[in-house]
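The structure appears below as structure tokens.
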Amino acid sequence: DRVAAAYTENQFASQFQSSLDLSGKPHVNIAGIPFLTQLAARDFHTVTITASNETINSSSAGSGLLEIASLNATLHGFHIHGLNSAEIDQFSASALITFIALANVGGIPQGITLSADGPNQIKATVSLGPLSETATAQVTKSGTNKVNIHIVDAGGISSDLLGNLSDFSVTIPKLPPGVSIQNVSVTQQGLMITATGQHTTLSQS
């Protein structure tokens, strides 16, 4: 039973890597004993996906490669159809993007350090020699798969120094159909993005 579970988890990991366009193979755990009963029915009660230090392609102002420090997803009701597709009753996921990764993907100029400034704001500290000024950016979700960062208080810093930080968006691609970003919060580590969906499908590309 456990050997079959380990093999299937590895197979699922490869499919999730392809479906979600991850740079590496995530860790997959299939809950429930006995496993073989679920395998025979091709229906799995709960599947969890975890990954760290992944990169995905993102349309943004900077490098286009978005680094994800940690990813955690839970799939309730995972039903396999055919060889390369599956239906999911409930999908929920959270991803952490560090401030350094956010600055890289956004093409933020050198000399600007990002940090938390409340649950939905980022403080940008601009250091130029002995000069140090701060600006405040608002973080909001935009549509189903975008996060927008917009300066709301430049603190006397010119827009030339702020560069793309004045207003840019980060797109989270390859979200399964019907899955959308529900919340974006600013933590001490960076941006925590949560996404959920129901009756969605995953297809291996």
Side-chain angles (χ1 to χ4, degrees), residues 17-24 26 50-73 92-197 205:
Q17 180 183 358
S18 174
S19 300
L20 302 176
D21 196 26
L22 300 175
S23 58
T50 57
S52 59
N53 301 320
E54 294 280 357
T55 58
I56 58 175
N57 292 313
S58 172
S59 55
S60 64
S63 67
L65 286 177
L66 176 62
E67 300 174 21
I68 298 178
S70 63
L71 171 68
N72 296 278
S92 62
S94 62
L96 174 65
I97 302 171
T98 66
F99 290 118
I100 293 176
L102 183 64
N104 289 338
V105 77
I108 305 305
Q110 295 290 324
I112 297 181
T113 303
L114 305 180
S115 59
D117 188 30
N120 59 359
Q121 292 189 156
I122 292 175
K123 180 171 69 175
T125 303
V126 180
S127 300
L128 296 172
L131 176 65
S132 180
E133 298 285 348
T134 60
T136 302
Q138 189 86 17
V139 179
T140 56
K141 70 182 185 74
S142 175
T144 59
N145 67 337
K146 289 185 179 181
V147 178
N148 183 251
I149 294 90
H150 176 71
I151 291 291
V152 292
D153 183 0
I157 304 171
S158 70
S159 58
D160 291 341
L161 292 177
L162 292 172
N164 292 334
L165 184 59
S166 296
D167 188 9
F168 77 97
S169 296
V170 175
T171 301
I172 310 297
K174 300 285 280 189
L175 286 178
V179 174
S180 61
I181 294 174
Q182 296 299 314
N183 185 58
V184 181
S185 59
V186 180
T187 71
Q188 294 300 314
Q189 291 77 36
L191 297 187
M192 182 63 73
I193 300 173
T194 58
T196 62
S205 58

Legend entry - Side-chain touch Leu102/Ile149, heavy atoms, less than 4.5 angstrom: yes
Inset, instruction - To the nearest 0.5 angstrom, please state how far the CG atom of Leu162 sits from the CG atom of Asp167. - result: 11.5 Å
Legend entry - Side-chain heavy atoms of Val147 within contact of Ile193, under 4.5 Å: yes
Legend entry - Approximate separation, where rounding is to 0.5 Å, of Ile151 CD1 and Thr136 OG1: 7.5 Å
Legend entry - Nearest-0.5 Å distance that lies between atom CD1 in Ile181 and atom OG1 in Thr196: 10.5 Å
Inset, instruction - State, to 0.1 Å, how close Gln188 and Ala116 come at their nearest heavy-atom pair, and which atoms those are. - result: NE2-CB, 3.8 Å
Legend entry - Contacts of type side chain to side chain donor-acceptor pair (under 3.5 Å), residue Ser180, not counting sequence neighbours: Gln182
Inset, instruction - Determine yes or no for a side-chain-to-main-chain donor-acceptor pair under 3.5 angstrom, with His150 supplying the side chain and Ser166 the backbone. - result: yes
Inset, instruction - Give, for atom OG1 of Thr98 and atom CG of Asn104, the distance between the pair rounded to the nearest 0.5 Å. - result: 7.5 Å
Legend entry - side chain to side chain contact (heavy atoms under 4.5 Å, CB included) between Ile56 and Leu20, worked out: CA-CA 8 Å; Ile56 58 175; Leu20 302 176; over 6 Å; no
Inset, instruction - Identify the residue among Val170, Leu96, Ile122 that makes a side chain to side chain contact (heavy atoms under 4.5 Å, CB included) with Leu191. - result: Ile122
Inset, instruction - Kindly indicate whether the side chain of Lys174, heavy atoms from C-beta on, has any atom under 4.5 Å from the side chain of Ser19. - result: no
Legend entry - side chain to side chain contact (heavy atoms under 4.5 Å, CB included) evaluation trace for Leu114 with Ile100: CA-CA 7 Å; Leu114 305 180; Ile100 293 176; over 6 Å; no
Legend entry - Backbone N/O of Pro173 and side chain of Thr171: donor-acceptor pair under 3.5 Å: no
Legend entry - Donor-acceptor contact present, side-chain Glu54 to main-chain Ser23, <3.5 Å: yes
Inset, instruction - Taking all heavy atoms of Asn57 and all of Asp21, pick out the closest pair and write down the distance. - result: ND2-OD2, 3.7 Å
Inset, instruction - Indicate whether any N or O donor in one side chain lies under 3.5 Å from an N or O acceptor in the other, for Thr50 and Asn72. - result: no
Inset, instruction - Would you please test Leu71 and Leu22 for side chain to side chain contact (heavy atoms under 4.5 Å, CB included) and show each step? - result: CA-CA 10 Å; Leu71 171 68; Leu22 300 175; 4.2 Å; yes
Inset, instruction - Test Thr125 against Ser132 for side chain to side chain contact (heavy atoms under 4.5 Å, CB included), laying out the working first. - result: CA-CA 7 Å; Thr125 303; Ser132 180; 3.6 Å; yes
Inset, instruction - For residues Gly118 and Val186, report the shortest heavy-atom separation together with the two atoms involved. - result: O-CB, 3.4 Å
Inset, instruction - Specify the closest pair of heavy atoms between Ile172 and Leu66, including all atoms of both residues, with the distance to one decimal. - result: CD1-CD2, 3.6 Å
Legend entry - Nearest heavy atoms of Ala124 and Ile112, plus distance in Å: CB-CG2, 4.0 Å
Legend entry - Reported NZ-to-OG distance for the pair Lys141 and Ser185, which is rounded to 0.5 angstrom: 13.0 Å
Legend entry - Gly155 to Asp153 - nearest heavy-atom pair and separation: N-OD1, 3.0 Å
Inset, instruction - Look up atom CD in Glu67 and atom CG in Asn53, then write down how far apart they are to the nearest 0.5 Å. - result: 8.5 Å
